[in-house]
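What follows is a set of notes on a single structure, which appears directly below.
Here is how names work: the chains are called A, B, and so on, in the same order as the sequence lines, proteins then strands, and each is numbered from 1.
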Protein chains: 2
Amino acid sequence: MANIRDLAKEAGVSVATVSRVLNGYPYVSEEKRKAVWEAAQKLQYVKNIQAVHLAKGRTAIVGVMLPYIHHPYFSAVIEGISKEALRYGYQLLLFQTNYEVERELEALERLRMKQMDGLIVCSHEVDWEAFAAYQEDGPIVLCEQVERYDFFTVYIDHYQAFVQALRYLIKKGHRRIGYCIGRMTGPNSQARAGAYQDVLREVGVLPRRQWVFDGCLFLEDGKRVMEQWIAMEERPSALLVTSDQVAAGIVLHARRIGVRIPDELAVIGFDNDPLAEMLGITTVALPHFTLGERAFRLLHHWLETGRVARKQEELPARLLVRDTA
Amino acid sequence: MANIRDLAKEAGVSVATVSRVLNGYPYVSEEKRKAVWEAAQKLQYVKNIQAVHLAKGRTAIVGVMLPYIHHPYFSAVIEGISKEALRYGYQLLLFQTNYEVERELEALERLRMKQMDGLIVCSHEVDWEAFAAYQEDGPIVLCEQVERYDFFTVYIDHYQAFVQALRYLIKKGHRRIGYCIGRMTGPNSQARAGAYQDVLREVGVLPRRQWVFDGCLFLEDGKRVMEQWIAMEERPSALLVTSDQVAAGIVLHARRIGVRIPDELAVIGFDNDPLAEMLGITTVALPHFTLGERAFRLLHHWLETGRVARKQEELPARLLVRDTA
DNA sequence: TTGTACGCGTTATCAT
DNA sequence: ATGATAACGCGTACAA
């Protein structure tokens, strides 16, 4: 494998001139420029990108931390990130964590080791303190609302999104309201739990723990929820479901077992997944793709200019009323 | 940022010894070992991974080329790859191509530049010749059946899978059979087209071009297909649909507009997506997750040992009969 | 416009 | 066991 020293020798110039030609810098005579390109051709020269990274101290690589990929939510976010990364000539290094703290810390260590220029965190388990500890190692963008820390964040106000949906249900006369959620930890889930408590209290209704369904991520979970629901002595009359996949599972299984929706059970999903549209599921549209896009742009702008208009960016959520609530 | 030279000075040893300690090599006195670790602690030493990559000539990074991520098929494959990569301490560098040849070539160039140790190609547009041209730059694993070239491949025999489904339909008495496909190019699509031609000819039926629906990737496409179907003068009585998402779109829209499935239209999907199970869609189960897993393992085994049991691996597909055909 | 020489941070080799 | 020194390959002040 030829390197620039070999090229220099072959072309009869210095390595500096080779570098200048290869990277399109001015102040090189047409003659030598040509000689270098010819030498490159002849010796089948290929740049070693690792050496470039080491010499420049930058990689044009952005890390993406996320628990899993095979989920409509995360794959939408990463698609948004990817689109922008492509546009600006950046590459994406994947850190799948399965929400294991150890893996999350590994990703942060990689940032510290300068494997990438920055990191986008789609979701995580580890405390915010951990991110704070790595802030000087490179820009980190979180895809969630963060309090008490001055992180870069792009987020959806899940509290307001939940309030919006809950108010709608209450206005429709519902009082026995439950919800399905992916996992109980994490700021998004906390925000939703808070909204649930607050709004129900406003109308003097006691929140019930058994009407909160945890571990709802995929279509199949909707079926499970429906089976639990049908077996209950006291059933909620309405469910907020933080994933349209799960909502679809509920609606489809309800049809199968003859539960009338929304009469017996009203359902509001989240995401505005194509599946929700197809099934006529009332949903809170969440801009996942845009979230990824903006997260990358924020990071990119910081990397290129060293400053940003604002470190936090909020994205809107809006209720789309269809047939299920 | 302290480097190993700083550590060497601080600990009063040579850089070689520092490196030995840091990487756990033997032949270092307990005393110096301790001194190095203390120096590392004191100077907050962090390894620069770029320098390691350059020095070792390897990165423990594997590239993944795929057209888009936000699709059940590809996100399943990548999940399989990712799981195995995690297990063996490798990282994944994403190359989203949108099936643009230029981007695909860019990924191959990156392999040549030694940015990664190997490349897994989930799907592509560019000719096989292109891959052949990069074979010496690092192992490339293709996720499709390849003829005439001696590539590493892990694949599903889509010809047989299609034959299987077609024979089933024919046995059920269908003669007017069409199919939906993601795109017309690509070896998988070619294999399917071949199977379609061959099997129909076997039973003396002419394949019809207007019963082949192209561009079928997402749920919404199923709706479109159903609308086209209903508008046809001569309609197929059965459809093979190479994505359960699309099949689901067909089935759901059929329900809505009152088309009886399978009586008026039989549908066989592909993938065995959870959605297909939930909707009772007859489908050909395809092991996408396993495909990714095996692709990585093949690559990994080659990288670590320089040889493999066999360069090609075929994965089975099997028909799951449910209610739609 | 061009070249020299050094820096980037680590690993590997060889001599002791 | 340990150290000096040479790779690894490129970018870039600085001098000319």
Ignoring hydrogens and angles, does a donor from either the side chain of R5(B) or the base of dG7(C) sit under 3.5 Å from an acceptor on the other?
-> no
Between dT11(C) (P) and Q50(A) (CD): distance, integer Å | 13 Å
DNA chain D: 5'-proximal contact among L54(B) and V15(B) (nearest heavy atom) | V15(B)
Would you indicate what S19(A) reaches in the nucleic acid, counting non-hydrogen atoms under 4.0 angstrom: base, sugar-phosphate, or nothing?
-> base
Identify whether any heavy atom of V18(A) sits under 4.0 Å from a base atom; if not, whether one sits that close to sugar-phosphate; answer base, sugar-phosphate or nothing.
-> nothing
Tell me whether the OP1 or OP2 atom of dC8(C) has a side-chain N or O from K114(A) closer than 4.0 Å.
-> no
Interatomic distance where OH belongs to Y27(B) and P belongs to dC14(C) [whole Å] = 17 Å
Carboxylate-amine/guanidinium proximity below 4.0 Å for K42(B) and E38(B) | no
Flag yes if more than 12 heavy atoms outside Q41(A) fall under 6.0 Å of its CD atom; otherwise flag no.
-> no
Show your reasoning for whether side chain to side chain contact (heavy atoms under 4.5 Å, CB included) applies to I49(A) and H53(A).
-> CA-CA 6 Å; I49(A) 202 80; H53(A) 289 167; 3.6 Å; yes
Min and max contacting nt of DNA chain D in 5' to 3' order, chain B heavy atoms within under 4.0 angstrom, are dA1(D) to dG9(D)
R33(A) CZ to dT1(C) P, in whole Å, measures 9 Å
Are H158(B) and E144(B) close enough that a side-chain donor and a side-chain acceptor fall under 3.5 Å?
-> no
Grab the CZ-C1' distance between R58(B) and dA12(C) for me, whole Å please.
-> 15 Å
Length of the line joining N3(A):CG and dC8(C):P, which is rounded to integer Å | 20 Å
Around E304(A), counting heavy atoms of other residues, nucleotides and ligands shown, do more than 12 lie under 6.0 Å from its CD?
-> yes
Does K56(A) have a side-chain nitrogen or oxygen under 4.0 Å from the phosphate oxygens OP1 or OP2 of dG7(C)?
-> no
Does OP1 or OP2 of dA12(C) have a side-chain N or O of Y25(B) closer than 4.0 Å?
-> yes
Y155(B)-E313(B) side chain donor-acceptor pair, cut-off 3.5 Å | no
Residue whose closest nucleotide on DNA chain C lies nearer the 5' end, A2(B) versus V28(A) | V28(A)
Return the value, rounded to whole Å, for the distance between atom CZ of R20(B) and atom C1' of dA12(C).
-> 9 Å
Spacing of L7(B) atom CG relative to dT11(C) atom P, expressed in whole Å | 11 Å
Quick one: on DNA chain D, does V46(A) or G12(B) contact a more 5' nucleotide (nearest heavy atom)?
-> G12(B)
dT13(C) P sits how many Å from N23(B) CG, rounded?
-> 14 Å
Any donor and acceptor pair, going by atom type alone, linking the side chain of H124(A) with main-chain N or O of E104(A) inside 3.5 Å?
-> no
